[in-house]
Every structure is written in C-alpha cells, then in structure tokens.
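I have placed the structure first, in the form of structure tokens, so that the comments after it can refer back to it.
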Amino acid sequence: MKKLSIYLFLFQILYACVADIDIESTRDKKIVVNCVLTPDSIQTLTLMYSSPHSQLWHEEVDSAIITLFQDSIEIGHFRKTGFSNWQLLHTPQYGDKYRIHIKVPNWPDIEGSTTMPNPVHITKTEGNNSNTVRYFRQLPNTLPYWIFVIRQKHDTIMVKPQIASNDVLLTSIGCNHPNADNFNTTNNMVLENKGSTREHIAYIRITAPKDSTETTFYVETNLYQSLVFFRAASTEYDLYMKSSIQKMVIHSSFNDPTAWFDESEIFTNIDNGLGIFGAFSDVIVQCHYALDNTGN
Amino acid sequence: MKKLRLIFLLIIGHVNLISAQNQTIISGKVTELGTYKPIADCNIIIDKKGISKTTDKNGNFVIQTGKIINPEKLEITFSHIKYITKTLTIDSLKEQPVQLKKKVYQITDIDVLSAYSNNTGNKYTFTPLQAESNISVIGEPDIVRHLAALPGVAQGLEGTLGLFVRGSNNGGNRVKFNGVPLYSYSHLLGMFSSFSPDVIEKTTFRPGGIPIETGNLSSSLLQITTKKVITKPNNQKFSLSPYMAGGYISCPSKNKKSSIQIAARTSFMPFLINQFMRKQTNENEETQGMKGQILDVVSIIERKINSNNTIDIMLFLTNDYFEFSNNNTKDKINWGSYALKIGLNSNISPRLKMATCAYFNSTHSTQEQLAYDEYQPDNLNAQLRLGTELQEGSINNSFHYKLSNTLKLDAGFNLQLQKFQPASEKTIYTENSSSQFNNIQQSGLLSAFAGLVFNKPNEMELSVGYRHTLQRIDKQNRHNFDLRALGNIYLSHNLGIEVSLDRLTQYFHVLEGLPTGWSLNVLTAANNHFPEEITNQCYAGMFIKTRLRNIVMHYTIGGYYRDMNNLASYTNSVNMFGATDQSWKDEIAIGDGRSLGVEISGTAQSKHFSSTIAYTLSKTDRQFSEINKGIPFPFKFDRRHILNLQSKYLVVQNPTKNGYRRKQYLNIVFSYASGHRATLPVSTYKGLAPPYWEIRSSGWTFPKQLDDNAYHRQEMTSRNSFKMKDYLRLDVSYTFIKHKPKTTHEWCLSLFNVTNRQNPYLIFYDNDRWQQFSLIPIVMPSVRWSIKLN
C-alpha cells in the first residue's frame with residue numbers, strides 16, 4: 001500500500017502533464033504562390049490554396065490571371081500547364097526588378113516583387129586541394145549566396161552540367177568561409193568527424209557583409225566527381241530558404257520535445273497570400289578526377 | 001552662597017545639566033523619534049546613583065542629585081514600555097536629542113494573520129509567516145513564490161523563477177540575500193526557491209522606487225533580510241515533508257555578543273523517483289536510473305565587536321544535481337550557486353553610519369551528455385557539455401549621514417568584478433577529436449552613488465538619487481547612469497499619494513532557458529554588441545488605510561508605465577536549446593519593450609480572519625527588428641488580468657484536554673490570470689523544397705516531420721498572437737499548531753491546484769492532435785510536519 005501511494009504520486013508528476021485538448025483554429029484559407037525566377041528561358045509557378053494544419057494535400061486554384069512585370073513593363077501572362085502548375089516563356093535579366101500580379105475571382109489582388117541577382121563572382125584557386133577539399137576565390141559580393149554539392153554518378157565533364165536522377169545531393173558539407181552562417185550546423189565535424197570544418201546540413205549560407213572583400217576559402221566534403229553550386233539568391237529567396245531550412249532542422253530529431261517550442265515563421269513576400277516570389281542564379285563548378293587539382 | 005555655575009548647556013538634547021558646588025540638576029524633555037510627541041511616564045535612571053524619575057505628561061523631567069565628578073561621563077537610561085530603551089552619556093547628548101524609537105513587535109504568531117501592513121505601490125514587506133498564506137508546492141513558506149501574489153507580477157509557470165514584473169524579463173529581477181545578489185536560487189527547475197524561511201526576518205519587494213544603493217538591475221528588487229539573533233534565545237526547528245526536510249538552529253552566545261545560525265534543507269524526492277525508475281527498469285528490461293541531490297545551506301555568524309561595530313559572515317550554498325541514465329547514455333544536469341560574505345556595520349558617530357561588505361559569489365548551470373558504446377558499456381564514445389558560469393567579487397561601501405532630524409544623505413560606491421563563462425565542449429573519443437567553445441568575458445563595474453532622503457513620518461518621505469557606473473569590458477570603457485526618485489506624501493493620517501521615477505541600468509543579459517525562466521540560463525555581459533539594458537518607469541498611486549468596525553483595511557491603487565531598451569531575446573524559443581547553432585550569439589536579437597498597467601492591492605484583517613487581494617490590469621509588448629517583421633507584438637506573458645486572493649481563517653483557538661494551547665487555521669488561495677501568449681501553426685501549404693532535396697544522399701535517417709517541412713510550409717500566427725486558456729488555480733491548506741511546554745508542533749496539510757488542469761503552460765501538435773502541457777496538472781497533496789524547541 002505504501003509503495004502504491006508512492007507510485008500514484010510519481011505517476012502524477014511524471015505522466016500526467018499532457019492532455020488532449022480541442023482548440024478552435026481561426027484559420028482563413030489563403031492563396032499560395034510559389035515562383036522563383038531562374039536564368040532559364042522558362043519560368044514556372046504553382047498556385048494553390050492553403051490547407052488545415054498538418055494536411056499535406058492541397059487544393060489548386062482553378063483559374064487566375066497571372067502577370068509578370070519587368071521594371072513595371074508587362075512581360076506576359078503565365079499559362080496553366082497542369083495541376084497547379086503554370087509557365088511563362090521568358091528569360092530574366094540580371095539586376096532587373098520583377099513584379100508578379102495575380103488576379104483570382106472573388107479574392108483580393110495578390111502581388112510580390114523581387115530582383116534577379118547577378119551570379120557570384122567565384123573561381124577555383126590554388127591551395128591544398130584534394131578529393132575532400134577544394135579552394136575557391138570569391139570577389140566582393142553584395143548578396144548572400146548558398147553552397148551545395150551534387151555528387152554525380154559518372155565522372156563526366158560537361159560543358160553545361162546537367163543533374164541526373166541518380167545523382168546525389170550531399171547532406172554533409174563544410175567550409176571555412178568567414179561569413180558562413182552557422183544556423184544549420186550540427187555538433188559534428190564534416191566527413192563523419194574526420195574533417196576540419198563544422199558540418200552543415202546539405203546547404204551553406206554565405207552572408208554578404210557590407211564591407212565584403214575578396215575572400216579565399218575552401219569547401220569540404222566528399223568532392224570526388226561532384227558539382228559545387230554557388231547560388232546567388234535574391235533577398236526574398238534567401239530569407240525563404242533560410243527560414244524553410246531552419247524549420248526543417250528544428251524537426252530533425254526523433255522524439256525531441258524542444259520542437260514544441262518552435263515558433264519559427266517562414267518568410268513570405270506575397271501580399272494577400274502566402275508563398276514566395278524570388279530569383280536565383282547559379283555558378284556551377286565541376287570537381288572531377290580528370291581535372292587538375294590546382295584549379296586551373 | 002549659592003553660586004551656580006553653568007557647566008554644560010545641552011540645548012540639542014533638551015537636557016540641561018546645571019552643576020553647583022554641592023548639587024547637580026539635570027532637566028530635559030523626552031520625545032518620540034520622528035514625531036516629536038512628548039513621552040509621558042518615561043523612566044529615567046541615572047547610572048550607579050540609584051536615582052530614577054519619570055517624565056510628566058509633557059515629557060519633561062527634572063532630577064536633582066549631589067555633586068558629580070566628571071558629569072559628562074554620566075550615563076542616563078531612558079525606558080518606556082512602548083519604546084526602545086536608550087542609554088546615553090551626558091557627553092553624547094551634546095550631539096543628539098533624547099528621542100525614543102517606538103517598539104515594533106515582531107510577528108511571531110498566528111494571531112497576526114497574513115495582511116500586508118504599511119505597504120505602498122512600490123514597496124511590499126512581508127515575513128515568512130505572511131508568505132505562508134500563499135500555499136506552495138512543498139507546503140512550506142516560499143518567499144519568492146509569494147511574489148506571484150503581489151500586484152504587477154505575472155507568473156510564468158508553477159514555480160519561483162518565472163516572475164515577470166511590470167512587463168520586464170525575469171532576468172531583470174535582482175534578489176539580494178543578506179546584501180548579496182544571487183543569480184540562481186531555485187530547486188527542481190524553479191519549482192521552489194532555495195531560501196529557508198527559518199533564517200529570514202522579512203522580505204521587501206520593490207517593483208519601483210528602488211533605493212539608489214542597489215544597481216545593476218532592470219526590473220525589480222527583492223531584499224531578503226536575515227534574522228538577528230544575538231539578543232534572542234536559542235532556537236531549534238526541524239521540518240519534514242515529502243519534498244523537503246530541513247533543520248534550523250540559532251545559538252547566541254551567553255554574553256550576547258555573538259551568534260551563529262545554520263539552516264539546511266535537502267530532499268528525499270530524487271530517492272523516491274529513483275525507486276520508481278528502478279521499478280520501470282524491471283518491467284521494461286532496460287537499465288534506467290536516476291540520481292539526484294537537492295540541497296541548500298545558510299550559515300550566518302554575527303559578532304558585536306563593541307557597541308558601535310558589528311561584523312557578520314555569511315555562507316550560502318544551493319545545489320541541484322540530477323543524473324538520468326539508460327543503456328547507452330547518461331545525462332547530467334547541475335545548477336546552483338554559493339556565496340561568501342563578510343560585512344561590517346559601524347556607527348561612526350550618532351549621525352554617521354557606515355556599512356561595508358565584501359562578497360564573492362559563483363553561479364553555475366551545466367548539462368552533460370555521455371554516450372557509451374552499445375556493446376561495451378564501459379567505453380565512453382562521446383561527451384557533450386554545455387554550461388554557463390558567473391563568478392562575481394564585489395566590495396561595497398555606503399555611508400548614511402544624518403544632516404538633520406529629517407534629512408539624510410546616502411552615498412557610497414560599489415566595485416564589481418564579474419567573469420562570465422558560457423561554454424561548450426564536445427569530445428568524440430572514437431575519432432580522437434575534440435572541440436571547445438569557451439568564451440570568457442570579464443566585466444568590471446565601478447559605481448558611485450549619492451542620494452538624499454527627506455523623511456517626516458506621517459507627513460512625507462521624499463528621496464532622490466543618482467548613480468553613475470563605469471564598465472570596463474573588451475578593453476573598452478562604457479558608462480551609463482541610474483536615476484531614482486520617490487515621493488510618499490500623506491494627505492491625512494489614512495490617505496497618501498505616491499509618485500516614483502526610476503531609470504534602471506543592467507550591465508548583463510540573461511538569456512533564459514525556457515520562456516518561463518528556469519535555472520539553466522545563459523548569462524552574458526553587456527558590451528558594444530549587446531548594450532546594457534535600460535528601463536525607464538514612472539508610477540503614480542495612492543494608499544489608503546481605513547477601519548470598519550474591528551476590521552482594519554489597507555489599499556493601494558496606482559498606475560505605471562515602463563519603457564525597456566536593449567532587451568536581448570532569442571529569435572525563436574527553440575533556439576534556447578541550442579539546437580544547431582554554433583554559438584548562442586547567432587540567434588540573439590536586441591529590441592525594446594513597453595508595459596503599462598494599473599495595480600490594486602488590498603488587505604482586510606480582523607482578529608480571526610485576514611484576506612488579501614491583488615489585481616493587475618496591464619498590457620506589455622515587445623519590438624525587435626528581426627522578429628515579427630519588426631512589428632510590435634505582445635510579450636509572451638502579457639496577461640491582461642491577474643487576480644490573486646488569499647484568505648486565512650482562524651478556526652480553532654482553545655486549549656486541548658491536556659491544557660496545551662492549540663490553533664488551527666484554514667488557508668485558501670485563488671489565482672486567476674489571462675492566458676499567456678503563444679505562436680502556433682494554423683495552416684499548412686505547399687512549399688518550395690530546398691534545391692535538389694529529392695535526390696539527397698541516403699543513409700541519413702530523420703523524422704517524417706523534417707521531410708514534411710521540406711515540401712510543405714506551416715503558416716504561423718503572428719508572434720504571440722494566440723492567447724491560451726485563462727489560468728485558474730485554487731489551493732487549500734489546513735494547519736494544526738500545538739504548543740507544548742518545551743515544543744511547538746505544526747502539521748500542515750495542503751492541496752495545491754485543486755482546480756486540476758486549469759493551468760496550461762504549452763499547447764503543441766503531436767500525434768495528429770492538439771495537446772496541452774501543464775507542469776503541475778492535477779492536485780498535488782503535501783503534508784508538512786515541523787517541531788520547534790521552545
């Protein structure tokens with residue numbers, strides 16, 4: 001009896017802290033626009049409605065007039081090509097401002113704007129290059145950019161690199177860039193703790209300080225027959241990427257109750273709606289066995 | 001021939017001494033200190049002469065005696081039942097009048113119930129007995145927890161540390177125990193405080209009108225005054241409850257010149273939990289275990305060097321340690337602090353007093369995780385440590401000079417040397433690799449202050465002070481100032497108005513471990529990157545005393561506005577746990593806050609019943625450029641309404657069959673507060689996955705939620721725009737006290753949170769449904785027994 005009373009008491013403390021509840025979510029359905037301009041000739045966009053919390057299927061917007069403007073000049077209308085997908089034939093110009101305007105019946109007008117970023121000025125450079133370390137030289141930069149690495153199935157040098165379905169995005173990557181953002185680092189070092197830099201989860205964000213100068217740094221991961229991407233991001237796309245990956249990282253552990261405290265918001269620049277209207281431009285560096293490790 | 005010769009004319013003391021060849025005449029007047037009211041029937045005894053007289057109705061007296069040699073050394077004792085006895089030499093009467101201080105009788109019994117007396121909107125004084133009216137989880141008085149029942153204080157969760165005063169952060173509250181600031185003073189993650197009530201004389205809480213002697217704070221001051229036992233009899237007490245067991249002993253020396261007090265408490269709770277864990281182990285066939293320690297010790301030695309100088313030495317120690325282990329991992333959590341103080345109080349002259357003290361304190365909180373090899377459990381694979389430590393050494397000196405009977409000058413200086421050490425360490429033994437982050441910050445603070453206090457009892461009390469602080473950090477000098485002004489003006493005997501202005505500056509930041517503020521905080525010095533926190537506040541109100549038949553009532557009502565600058569906050573609550581950031585600095589934002597509100601408190605007290613009420617209507621918000629798109633948002637604990645009611649009723653007061661005195665009383669506490677704020681996901685929508693996420697490398701296993709968040713996004717409410725269900729709690733206790741000839745026994749039966757789960761702290765979505773987390777979700781019973789040797 002004595003033991004029973006102790007257990008009853010401890011049960012109270014340890015296990016009775018959580019209870020199911022009903023809360024009325026005051027959710028308003030919103031229109032979601034996802035469109036990121038690329039230097040390609042075809043621009044794509046998805047248009048859907050938001051769904052109740054935790055519902056992972058979404059309703060598409062049937063009809064809409066979607067117009068792209070370049071520096072206030074109308075470029076054209078997006079055309080629906082499939083479930084929730086829309087396309088426009090246009091090649092954006094670096095440095096130009098773009099605005100998107102969406103008209104959906106019985107909804108307020110939806111708008112967003114962005115600027116097409118110039119590619120990062122980056123080149124391979126000499127250093128203690130190896131299959132796991134590659135040195136780069138970056139010229140002064142005014143916008144943040146992202147680094148990630150795709151390992152290719154075949155050791156093939158291409159004039160314009162293409163990603164095949166059996167290529168792999170490396171989820172462990174490190175670098176010694178002084179402006180690397182540590183928001184998605186882990187407690188490990190890269191290359192299963194054998195590397196010299198801290199491990200980032202798949203992507204490295206390089207911030208652009210006001211006094212950015214020419215920088216020489218190295219990327220560290222399994223670089224054998226891989227493509228190193230340097231993605232210049234518009235301010236909007238950069239904030240969207242960072243907030244999205246932050247949210248992913250928070251939920252990257254099993255049974256971690258700290259995720260209960262997650263209050264992170266995903267960046268959006270869509271007026272009267274949700275989603276993203278941004279832009280990026282890539283510089284891709286091939287690191288293949290056949291290439292000279294000096295970087296020349 | 002009677003030729004009188006005037007030797008001394010002591011006008012100041014209203015005492016005239018006239019000495020002739022064969023006789024001496026001493027005459028004068030005795031008045032009450034502060035009010036100058038004449039004291040009638042005051043006994044005047046002349047040392048060694050066996051001569052005594054009493055004052056007349058106007059306080060005057062005349063004593064004739066024979067010729068006295070060296071009359072200036074003559075000692076005269078003034079005594080009255082209502083006043084503190086005073087012995088003065090004729091010589092000392094040159095400098096001070098014969099004014100006697102009214103006796104204040106200490107509240108030591110239940111007849112004086114839990115009413116606040118003479119409180120104003122900026123000053124609440126209470127004893128541990130009064131704090132007992134607020135029923136705590138452990139069933140014994142908790143002076144820190146009692147603050148939650150005062151106006152202007154919003155509570156975080158069921159504990160002692162999540163106390164948000166007038167919209168400020170928890171880290172801005174300064175707790176001074178016997179003059180020493182303490183930064184960690186809680187047990188069991190803040191469930192109750194480390195202060196043993198047995199060693200405490202009284203506690204003064206000041207949300208505003210803070211004395212200029214105290215600096216380096218940005219919200220409120222809690223001054224805990226320990227007992228002075230030199231002139232008191234020996235005392236021993238022992239108490240026991242399921243949560244804590246404690247003992248207290250006080251031993252004054254026979255010559256009444258020195259004393260020692262020791263109070264110590266510990267808990268058997270970790271032992272009980274460990275027994276429970278072992279039972280679980282057998283059922284699950286897993287090795288699970290827990291070790292723990294909860295401990296606090298206070299020791300105070302006081303020594304009266306002479307009639308004018310007293311020295312005291314204090315040791316304070318609190319420590320909590322928990323260790324959880326299963327097959328492959330071991331987690332350790334440890335937090336606590338210790339402090340050592342030596343102080344000297346001197347009456348340099350009747351007008352000048354000096355207080356000097358030097359102290360060293362150390363606060364720490366650490367977490368450690370050890371990972372062992374799955375197949376060779378004795379082999380350590382990895383070790384991860386996170387911790388923060390603050391070491392502080394200080395020398396303080398203050399002077400109090402009486403310029404006149406009503407005007408006092410306070411001045412002094414503080415020198416504080418602080419070493420902040422947030423640190424992390426990771427060692428992977430299998431890879432022979434180790435990384436350390438150990439950022440030691442040393443901050444030196446030199447402050448000088450001066451203030452004037454004008455005090456005319458029952459008419460007005462005015463004080464104004466200025467404090468300037470020079471901070472030396474990172475080889476750079478920073479400086480800032482504090483300004484304090486307080487005015488209490490009595491319009492009549494029962495009615496007064498109060499006005500205060502405060503500028504408070506705090507030269508460090510507390511990055512709190514949980515939104516409630518628990519012990520595992522990161523402390524960091526203010527610097528050029530994270531400037532010092534500055535709070536400006538004003539308060540205006542009134543206080544009223546009245547009597548209705550035999551019920552004495554006391555009310556305060558007032559309004560405040562508080563402006564807070566350079567607040568440090570994590571951009572997301574989850575960052576507090578250091579999920580991925582290399583350094584806590586990466587996700588810290590600096591911003592501002594505002595709070596305004598109305599505070600009402602009231603007490604009603606009769607012979608058998610007392611009741612207190614405190615109500616706060618307030619609005620608090622925050623603004624950070626990096627949070628909520630820079631738009632102001634509600635503070636997490638922006639509780640619009642807070643209402644606390646406490647009632648104590650003396651049920652039984654008669655002797656037992658054996659003739660022992662006994663008392664029984666019922667205590668009821670009702671607590672209501674508007675729900676606190678949260679940011680919740682309200683909808684899900686299609687997102688743009690990170691580049692090439694669909695072809696990520698295999699071999700990395702992660703929860704489904706991570707992938708869900710790669711392809712879908714959560715729409716959140718704007719920051720803290722979701723208001724949780726209102727907080728409601730009812731506590732009941734019943735106390736039996738029996739006085740035997742040599743002992744006093746006390747039993748206290750308490751039920752904490754009778755209302756059961758009306759106290760949500762956190763709402764989250766898990767397993768496809770919304771769930772509510774309450775820290776103490778259902779009724780917590782407690783029994784406490786104590787015995788006091790009379």
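Just so it is clear: chains get the letters A, B, ... in the order the sequence lines come, proteins before strands, and each one is counted from 1.
Considering only heavy-atom pairs separated by less than 4.5 Å from chain B, the leading option among Arg231(A), Lys247(A), Arg151(A), Met48(A) is Lys247(A). Most heavy-atom pairs under 4.5 Å with chain B: of the set Ser172(A), Ser244(A), Ser243(A), Ser165(A), this distinction falls to Ser244(A). Highest contact tally toward chain B, considering only Trp57(A), Tyr240(A), Phe280(A), is held by Tyr240(A) [criterion: heavy-atom pairs under 4.5 Å]. For the set Ile266(A), Ile276(A), Leu56(A), Leu170(A), the entry with the most heavy-atom pairs within less than 4.5 Å of chain B is Leu56(A). Counting heavy-atom pairs closer than 4.5 Å to chain A, the top-ranked of the candidates Gly687(B), Ala678(B), Ala689(B), Ser718(B) is Gly687(B). Each of Lys629(B), Gln705(B), Arg769(B), Glu694(B) has some count of heavy-atom pairs under 4.5 Å with chain A, and the biggest count is that of Arg769(B).
Interface remark: Gln55(A) contributes backbone atoms only to the contact with chain B (heavy atom separation under 4.5 Å). Of the two parts of Asp707(B), neither the backbone nor the side chain holds a non-hydrogen atom closer than 4.5 Å to a non-hydrogen atom of chain A. Only the side chain of Leu680(B) comes within less than 4.5 Å of a heavy atom of chain A; its backbone N, CA, C and O stay farther away. Only the side chain of Ile245(A) comes within less than 4.5 Å of a heavy atom of chain B; its backbone N, CA, C and O stay farther away. Proximity to chain B is limited to the side chain of Phe229(A), based on heavy atoms less than 4.5 angstrom apart.
Side-chain polar atoms of Ser84(A) and Glu60(A) form no donor-acceptor pair below 3.5 angstrom. Looking only at atom types and distance, the side chain of Arg677(B) has no donor-acceptor partner in the side chain of Ser721(B) under 3.5 Å away.
Within a 6.0 Å sphere centred on CZ of Phe268(B), heavy atoms belonging to other residues, nucleotides or ligands number 12 at most.
The six-membered or imidazole ring of Tyr49(A) lies near that of Trp107(A), with a centre-to-centre distance under 6.0 Å.
With contacts defined as side-chain heavy-atom distances shorter than 4.5 Å, the pair Asn269(A)/Phe277(A) qualifies.
A donor-acceptor contact shorter than 3.5 Å links the side chain of Asp181(A) to the backbone of Phe183(A).
Qualifying side chain to side chain donor-acceptor pair (under 3.5 Å) partners for Asp238(A), counting only residues two or more places apart in sequence or in other chains: Trp146(A), Arg205(A).
Using bins of under 30°, 30° to 60° and over 60° for the plane-to-plane angle, the ring pair Tyr145(A)/His177(A) lands in the perpendicular bin.
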